[in-house]
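Some notes on the structure that comes next.
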Amino acid sequence: MASVASPVIFKEFCPLYYLLNAIPTKVQKGFRSILVYLTALDTNGDYIAVGSSIGMLYLYCRHLNQMKKYNFEGKCESITFVKLLSCFDDLVAVGTASGRVAVFQLVSSLPGRNKQLRRFDVAGIHKSCITALAWSPNGMKLFSGDDKGKIVYSALDFDQGICNSSLVLEEPSSIVQLDYNQKVLLVSTLQRTLLFYTEEKAVKQVGTQPRK
């Protein structure tokens, strides 16, 4: 006797109004009213991070149903990339249109975790739009790429409150994706994909034909 296939259930996913309603559609700058555009997004089991065109990061805690805001001091510029990480502490890295990169170490109510919001800045190596960010699983390494092909490695020491950054690779075209695991950085650009071995400082191209 043939088995009866289980019915297919269609599910509609509606907009997250509880999240969108917590983000203003306009802000007032002097006498001007400026529209707020959502420009970057990342999620994990604990947070939803949304970057905006006014340089404000909106961070929604899924467990507490709370929205918090973080911003860059000085010039109001668009956030172009956000990357969350949950390890011993909750971290979020943020990149902007002018090449600024910052890391926020979030506050946790759990015992032994971080009790004060801390921010680390990647010193001005990038001079153009940030297009990719990648964490190491333990949160001690952050890689950032921009639209001029520069890739910067930042070593974070949360106990000492130090962030040391250096340029590790330059490609002739924009970085479109980064991923890091086991001392190997996967890099995709507009022209090619490569593996960068961080210990040996060696590059191995994936495939032989350039992208068109």
Under 4.5 Å between any side-chain heavy atoms of Leu178 and Phe196, yes or no?
-> no
Rounded to the nearest 0.5 Å, what's the gap from CZ on Arg118 to CG on Leu91? Could you check?
-> 10.0 Å
What is the distance from atom CD1 of Ile79 to atom CG of Leu41, rounded to the nearest 0.5 Å?
-> 12.0 Å
Does some side-chain heavy atom of Leu142 sit less than 4.5 Å from a side-chain heavy atom of Val101?
-> yes
Nearest-0.5 Å distance, CD of residue Glu77 to CD1 of residue Ile54 = 12.5 Å
Test item: Thr198 side-chain N/O and Lys183 main-chain N/O as donor-acceptor pair under 3.5 Å | yes
Please test Ile23 against Met56 for side chain to side chain contact (heavy atoms under 4.5 Å, CB included), starting from the C-alpha separation and ending with a verdict.
-> CA-CA 10 Å; Ile23 300 174; Met56 188 71 72; over 6 Å; no
Donor on one side chain, acceptor on other, Thr189 and Glu171, under 3.5 Å = no
Point-to-point distance, once rounded to the nearest 0.5 Å, from CG of Leu64 to OH of Tyr47 = 7.5 Å
Close side-chain approach of Arg62 to Asp46, heavy-atom, < 4.5 Å | no
Work out which heavy atom in Val36 is nearest to a heavy atom in Ser52; give both atom names and the distance.
-> CG1-CB, 4.0 Å
Apply the test side chain to side chain contact (heavy atoms under 4.5 Å, CB included) to residues Lys127 and Asp146: give CA-CA distance (whole Å), side-chain angles for both, the deciding distance (0.1 Å), then the verdict.
-> CA-CA 8 Å; Lys127 302 297 182 185; Asp146 64 33; over 6 Å; no
How far apart are the closest heavy atoms of Met67 and Leu19, and which atoms are they?
-> CE-CD1, 3.2 Å
If you look at every heavy atom in Leu133 and Gly95, which pair is closest and at what distance?
-> CD1-N, 4.0 Å
Just checking, is any N or O donor in the side chain of Ser188 or Thr193 under 3.5 Å from an acceptor N or O on the other one?
-> yes
Please step through side chain to side chain contact (heavy atoms under 4.5 Å, CB included) for the pair Leu156 and Met140, ending with a clear verdict.
-> CA-CA 5 Å; Leu156 293 128; Met140 297 177 69; 5.5 Å; no
Kindly indicate whether the side chain of Ile48, heavy atoms from C-beta on, has any atom under 4.5 Å from the side chain of Val50.
-> yes
Determine whether Asp147 and Ile175 make a side-chain contact, defined as any pair of heavy atoms from C-beta on separated by less than 4.5 Å.
-> no
Could you tell me whether the side chain of Leu16 reaches within less than 4.5 Å of the side chain of Tyr60, counting heavy atoms only?
-> no
Identify the residue among Leu84, Asp42, Asn44 that makes a side-chain contact (heavy atoms from CB on, under 4.5 Å) with Val92.
-> Leu84
Exercise: identify the closest heavy-atom pair between Gly139 and Phe158 | O-CE1, 3.3 Å
For residues Ser165 and Tyr153, determine if any side-chain heavy atom of one lies less than 4.5 Å from a side-chain heavy atom of the other.
-> no
Do the side chains of Val27 and Leu20 join up, straight or via other hydrophobic residues, at under 4.5 Å, putting them in one cluster?
-> yes
Would you call Cys163 and Asp121 a side-chain contact if the rule is heavy atoms closer than 4.5 Å?
-> no
Give a yes or no on whether Leu194 and Tyr180 share a hydrophobic cluster (residues Ile, Leu, Val, Met, Phe, Trp, Tyr; joining criterion: side-chain heavy atoms under 4.5 Å apart).
-> yes
Pairing residues for Phe81 by the ring-ring contact (aromatic ring centres under 6.0 Å, His included) criterion, not counting sequence neighbours = none
Joint cluster assignment, Leu57 & Trp135, ILVMFWY side-chain distance < 4.5 Å = no
Give the ring-plane orientation class for Tyr70 versus Phe104, where under 30° counts as parallel, over 60° as perpendicular and anything between as tilted.
-> tilted
Return yes when atom CD of Gln182 has more than 12 non-hydrogen atoms of other residues, nucleotides or ligands closer than 6.0 Å, and no otherwise.
-> no
Criterion side chain to side chain contact (heavy atoms under 4.5 Å, CB included) on Cys87 and Asn138, from CA distance to verdict = CA-CA 6 Å; Cys87 50; Asn138 63 4; 5.6 Å; no
Heavy-atom pair of closest approach, residues His126 and Lys150 | CE1-O, 3.6 Å
Locate the shortest heavy-atom distance separating Lys26 from Ser33; write the atom from each residue and the value.
-> CD-OG, 3.5 Å
Give, for atom OG of Ser53 and atom CG of Leu35, the distance between the pair rounded to the nearest 0.5 Å.
-> 8.0 Å
Report yes or no: do Phe143 and Val203 belong to one cluster of Ile/Leu/Val/Met/Phe/Trp/Tyr joined by side chain heavy-atom distances under 4.5 Å?
-> yes
Is the count of non-hydrogen atoms from other residues, nucleotides or ligands lying under 6.0 Å from Lys148 atom NZ greater than 12?
-> no
Measure the spacing between OG of Ser166 and CD1 of Ile151 and express it to the nearest 0.5 Å.
-> 12.0 Å
Indicate, with yes or no, if Tyr58 and Tyr18 share a hydrophobic cluster defined by side-chain heavy-atom contacts under 4.5 Å among Ile, Leu, Val, Met, Phe, Trp and Tyr.
-> yes
